[in-house]
Amino acid sequence: MTAATATATAGTNIALVKYWGKRDETLNLPATGSLSLTLDRLGTRTRVAFDGGDGARDRVTLDGAPAAEKVATRVTLFLDRVRARAGIAARATVVTDNSVPTASGLASSASGFAALAVAATGAAGLALAPTELSVLARLGSGSAARSIFGGFVEMARGARADGTDAAAHPLDAGDGWNVRLVVAITAAGEKALGSTAAMRRTAETSPYYEAWVRGVDGDLAAARAAIAGRDLAALGAVAERSAMRMHASAMAADPPILYWNPATIAAISRVRALRAEGASAFFTIDAGPHVKVLCDAREAEAVAAALAETPGVLRTLIAAPGSGARIVESA
Ligand code: PMV
């Protein structure tokens, strides 16, 4: 008998109101809510079959090669939850491909665990509601909870200790609003410090962490209102403020966490200069040196061109709002 197979795709998402801090590390429960835009590019495609794997273990292939031990372990821990829920004992074969190389340092865990949640539950024959899929994806990576949905998405902090109310929900598909996200890649290679360790250090040692947490609800309310009113300037202002405050709280940790390189600052300056010239463009930065710019679709090519000629920027790409994670093939 051949095992049921399911293939799912998911787009990554970029937070406009950042998630930075956990109230529970085991369950990836966030200390605050967050708000993001799911993209049509920088996604993941994952096929899962509970076919016995290589006998003893799950067989995990990432971008055409056997996954590194660390990645494979994370995938197995995640699949164990799905197996427990579905009453399956079989090891699995997982084939996953990112549309941007994992080693580029661009977040791939968000789309990765969203795609894995949808493909694994599909292959296991579990029919989960979108909110349950979001909760499940969160267990793989906090930001993955948001990639279950398309467009603008809000993640709830939740209050329960078991995390069943720490899930994302869609706010606006984003298709009626002509926005783009331009990514300026400023370094090759993986980020220096993973988000879990950096969040922990910020929460434990930064004198600015509490202030950061206190500010997020206000930013969420402002971002929600900006999206409802299709006010790009207002949304952009929140995004820049949230990113700067997140990084400021990390920079004040002990030892300090600095994700930026000279090109990060050059790109920030370039975005500010473009805005002074009348462009609707606003930056955000995640746990790495790359700069992501939210802008009007009509200006995206010009914004990308300006960033491409900024010293230290290696390459740029333009993404549009994308759809949520979904099954694309099953057998
Ligand atoms: O989901 P994680 O553990 O990779 O954390 C994501 C953290 C940021 O990307 C910096 C912010 C966010 O909300 O996505």
Side-chain angles (χ1 to χ4, degrees), residues 10-39 42 44 70-71 74 77-78 98 100 102 104-117 134-149 152-157 163 166-168 171 181 183 190-203 206 209 212-213 215-217 219-220 223 238-251 253 257-260 264 283-292 294 319 325:
T12 196
N13 70 79
I14 300 298
L16 303 174
V17 177
K18 300 297 187 195
Y19 148 54
W20 195 248
K22 304 187 189 202
R23 64 187 168 90
D24 182 308
E25 246 186 50
T26 317
L27 296 178
N28 273 339
L29 297 178
T32 67
S34 57
L35 189 151
S36 59
L37 178 62
T38 299
L39 304 181
L42 305 179
T44 304
K70 222 176 89 188
V71 174
R74 247 176 115 180
L77 285 173
F78 189 87
N98 289 312
V100 153
T102 313
S104 74
L106 283 165
S108 52
S109 66
S111 55
F113 280 103
L116 184 61
S134 178
V135 165
L136 178 64
R138 191 204 70 226
L139 295 164
S141 171
S143 54
R146 301 184 307 235
S147 275
I148 294 296
F149 301 102
F152 292 100
V153 174
E154 182 169 353
M155 172 75 194
R157 175 192 187 277
L171 290 175
L181 203 116
V183 180
E190 304 254 19
K191 62 192 169 201
L193 183 63
S195 53
T196 298
M199 287 178 193
R200 186 192 310 138
R201 192 192 297 169
T202 304
S206 175
Y209 180 68
W212 153 256
V213 168
V216 176
D217 279 346
D219 284 347
L220 285 171
V238 178
E240 290 195 353
R241 180 167 84 214
S242 177
M244 292 301 249
R245 287 179 178 176
M246 173 200 129
H247 283 274
S249 73
M251 284 179 206
I257 298 162
L258 181 63
Y259 282 113
W260 303 359
T264 312
F283 67 83
T284 182
I285 306 159
D286 293 302
H290 313 297
V291 177
K292 292 121 188 190
L294 179 71

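Counting convention: from 1, in listed order, for ligands and their atoms alike. It should be emphasised that the depicted structure is a prediction, and the values quoted were computed from it without experimental measurement.
When each atom of ligand 1 is checked for a heavy atom of Met246 under 4.0 Å away, the hits are 10 (C). Those atoms of ligand 1 that come under 4.0 Å of a heavy atom in Gly142, given as number and element, are 1 (O). Close approach of ligand 1 to Ser109 (heavy-atom distance below 4.0 Å) involves ligand atoms 4 (O). Taking every heavy atom of Ala287 and a limit of under 4.0 angstrom, the matching atoms of ligand 1 come to 10 (C). Counting the atoms of ligand 1 from 1 in the order shown, those under 4.0 Å from a heavy atom of Ser195 are 2 (P), 3 (O), 4 (O), 5 (O).
When side chains are defined from C-beta on, Tyr19 does not count as touching Ser242, because their heavy atoms never get closer than 4.5 Å. Inter-residue side-chain proximity for Phe283 and Met244 is flagged as met; some heavy-atom pair is nearer than 4.5 Å.
Of the residues Lys18, Glu240, His290, the one that meets the side-chain hydrogen bond (donor to acceptor under 3.5 Å, both in side chains) test with Thr284 is Lys18.
Between the choices Met199, Lys22, Met155, the shortest heavy-atom distance to atom 5 (O) of ligand 1 belongs to Met199. Considering Tyr259, Trp20, Tyr19 only, the shortest heavy-atom separation from atom 11 (C) of ligand 1 involves Tyr19.
Using a non-hydrogen distance threshold of 4.0 Å, Ser141 registers as a contact of ligand 1.
Arg146 places no side-chain N or O within donor-acceptor distance of the main-chain N or O of Thr38, the cut-off being under 3.5 Å. Distance alone, capped at 3.5 Å, is enough to place a donor-acceptor pair between the Asp24 side chain and the Thr26 backbone.
Contact annotation: for Arg146 versus ligand 1, heavy atoms closer than 4.0 Å belong to the side chain alone.
The shortest N or O to N or O distance between Thr196 and ligand 1 is not under 3.5 Å. Where the criterion is an N or O separation shorter than 3.5 Å, residue side chain and backbone included, Ser34 fails it with respect to ligand 1. Looking at ligand 1, you'll find an N or O of Ser143 within less than 3.5 Å of one of its N or O atoms.
Note: Trp20 and Tyr259 have perpendicular aromatic rings, judged against thresholds of 30 and 60 degrees for the angle between ring planes.
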